[in-house]
Amino acid sequence: MERLLSVRDLKTEFTGPQGVARAVDGLSFDLDRGQTLGLVGESGGGKSVAALSILRLVPSPPGRIAGGRVVFKDRDLLDLSEAEMRRVRGNQISMIFQEPMTSLNPVYTVGDQIMEAIKLHQGLDARQAEVRAAEALEAVGIPDPVARLKSYPHQLSGGMRQRVMIAMAISCDPDLLIADEPTTALDVTIQAQILDLIKDIQAKRGLAVLLITHNLGVVAETADRVVVLYLGRVFETASVEQLFARPCHPYTQGLMASLPDPESEADTLPAIPGSVPSIFKPLIGCRFKDRCPRRFDKCEEEPELIQVEEGQLARCHLYA
């Protein structure tokens, strides 16, 4: 398959009153055309910062990309000028942000907001851009798309606003779609519809999708490969089949154990003990050791990513 995106040893730091925190620390993965990669982990694990780093949208200050490579279609995005990067964002790489109500401008119609990107990147006049915007709304299943171009975000339901965000993202026919928690705050029925929509668009257009989520059920439904992040570090990477058949890292095993079991009669869900430590504190040894049920003396040293089997790596001394 055609290699579309290759991230190598990406590091992103933030400077605050408490010092310097590395939110993304040595992230590496590959993404092929037509493939879906799930980036999973708890809140604060660095997933969204990784996505913003790929698009060079990390606010500076306080943040900065401290190292690594982000090679997209044989060009390192970190080496491009800001003008060149603007031609990539929203055009070749698009992003669906977490909360459409805050991502959409409330004082502009959805048509104006979709058309703005089309006119900027595709060089179309207002009439041509309007036709393209209506086609994008139709592609995401919004009825009467020409009329809906005149709607304001507050006039749409949560599911419709999310569809508008997807329409905006695909309007310039990108090669890569980054979806950051695309089903957050939506009810279960609408979640399924949005995921099916993304998969349908991907199949028709050959998109690569980087799916950022904490929901392992979403990953099982949509992804081909998975990268598990914890405190900015890759803890495990595997195909979806491998991850669900045999999760290797104790952190991944904890995430799996936390999934609801419809046959269980327990009143509460199992949970990983403790909480995610602050990234502003010195991180010595395995970052998960204070919460790990399988901790032993070796965990005072930082583990490397170790190949457990073909295509599956885990950052754990248990497999050394």
Side-chain angles (χ1 to χ4, degrees), residues 3-12 22-58 63 65 68-72 77 93-99 166 169 174-184 191 194-195 198-199 202 207-244 247-249 251-252 254-256 258-259 272 276 279 287-288 305 311-315:
R3 179 63 39 83
L4 194 65
L5 178 69
S6 183
V7 175
R8 288 290 176 271
D9 201 26
L10 181 64
K11 299 180 179 71
T12 304
R22 185 162 284 177
V24 177
D25 195 359
L27 174 62
S28 297
F29 65 83
D30 295 316
L31 182 57
D32 295 336
R33 187 177 295 277
Q35 186 183 48
T36 298
L37 179 76
L39 201 57
V40 304
E42 293 172 275
S43 296
K47 305 183 302 295
S48 295
V49 174
L52 294 175
S53 301
I54 290 169
L55 286 170
R56 282 177 44 189
L57 289 174
V58 175
I65 297 174
R69 303 180 70 216
V70 179
V71 179
F72 174 73
L77 299 183
I93 305 177
S94 290
M95 185 164 177
I96 305 169
F97 293 92
Q98 283 191 38
E99 178 45 63
I166 297 171
D175 297 295
L176 171 61
L177 178 64
I178 300 174
D180 188 0
E181 301 280 7
T183 58
T184 295
Q191 283 184 24
I194 294 299
L195 292 174
I198 292 174
K199 288 193 293 184
Q202 180 182 27
L207 280 170
V209 177
L210 177 60
L211 177 67
I212 296 168
T213 182
H214 64 273
N215 189 330
L216 286 170
V218 170
V219 169
E221 185 72 23
T222 59
D224 300 301
R225 288 193 60 78
V226 189
V227 174
V228 180
L229 276 186
Y230 185 79
L231 282 176
R233 277 290 213 188
V234 175
F235 266 26
E236 187 162 354
T237 179
S239 69
V240 165
E241 293 81 6
Q242 288 172 319
L243 196 81
F244 281 83
C248 290
H249 198 286
Y251 176 61
T252 312
L255 293 177
M256 293 291 188
S258 301
L259 288 172
I272 300 173
V276 180
I279 54 176
R287 301 178 182 202
F288 187 61
L305 268 177
Q312 185 169 17
L313 305 173
R315 188 181 299 278

Please assess Q35 against D30 for the test side chain to side chain contact (heavy atoms under 4.5 Å, CB included), listing each intermediate value before the final yes or no.
-> CA-CA 10 Å; Q35 186 183 48; D30 295 316; over 6 Å; no

List in chain and number order the residues that pass salt bridge (charged side-chain N to carboxylate O under 4.0 Å, His left out) with [X], two or more places apart in sequence or in another chain; answer none if no residue qualifies.
X: D224; result: none
X: R56; result: E82
X: R69; result: D76

Measuring from atom [atom1] of [X] to atom [atom2] of [Y], what distance do you get when rounded to the nearest 0.5 angstrom?
X: L229; Y: F29; atom1: CG; atom2: CZ; answer: 9.0 Å
X: I54; Y: L31; atom1: CD1; atom2: CG; answer: 8.5 Å
X: L37; Y: T237; atom1: CG; atom2: OG1; answer: 7.0 Å
X: L211; Y: T222; atom1: CG; atom2: OG1; answer: 4.5 Å
X: I198; Y: T36; atom1: CD1; atom2: OG1; answer: 9.0 Å
X: D32; Y: R225; atom1: CG; atom2: CZ; answer: 10.0 Å

Taking [Y]'s backbone N and O only, do any of them form a donor-acceptor pair with [X]'s side chain (distance below 3.5 Å, no angle check)?
X: E236; Y: P247; value: no
X: Q202; Y: L207; value: yes
X: N215; Y: V218; value: yes

Mind jotting down which residue pairs meet the ring-ring contact (aromatic ring centres under 6.0 Å, His included) criterion with at least one end in residues 213-233? Sequence neighbours excluded, please.
->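 Sorted pair list: Y230-F235, Y230-Y251, Y230-F288.
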
Residues two or more places apart in sequence or in another chain: which of them pass side-chain contact (heavy atoms from CB on, under 4.5 Å) with [X]?
X: L305; answer: V234, L313, R315
X: L55; answer: L57, R89, I93, M95, I178
X: S94; answer: A169, P174, L177
X: L231; answer: V276, P277, I279, L283, R287

List the atom pairs, donor and acceptor, that lie under 3.5 Å between side-chain atoms in residues 45-52 and the rest of the protein, sequence neighbours left out.
from	atom 1	to	atom 2	distance (Å)
K47	NZ	G41	O	3.1
K47	NZ	E42	O	3.1
S48	OG	Q98	NE2	3.3
S48	OG	D180	OD1	3.2
S48	OG	D180	OD2	2.9

Which heavy atom of [X] sits nearest to which heavy atom of [Y], and what is that distance?
X: V240; Y: V219; value: CG2-O, 4.1 Å
X: F72; Y: L176; value: CE1-CB, 4.1 Å
X: S258; Y: G254; value: OG-O, 2.8 Å
X: L10; Y: I65; value: CD1-CG2, 3.9 Å

Non-neighbouring partners of [X] that pass side-chain hydrogen bond (donor to acceptor under 3.5 Å, both in side chains), sequence neighbours left out:
X: R33; value: E2, D175
X: Q242; value: S239, E309
X: D9; value: K11

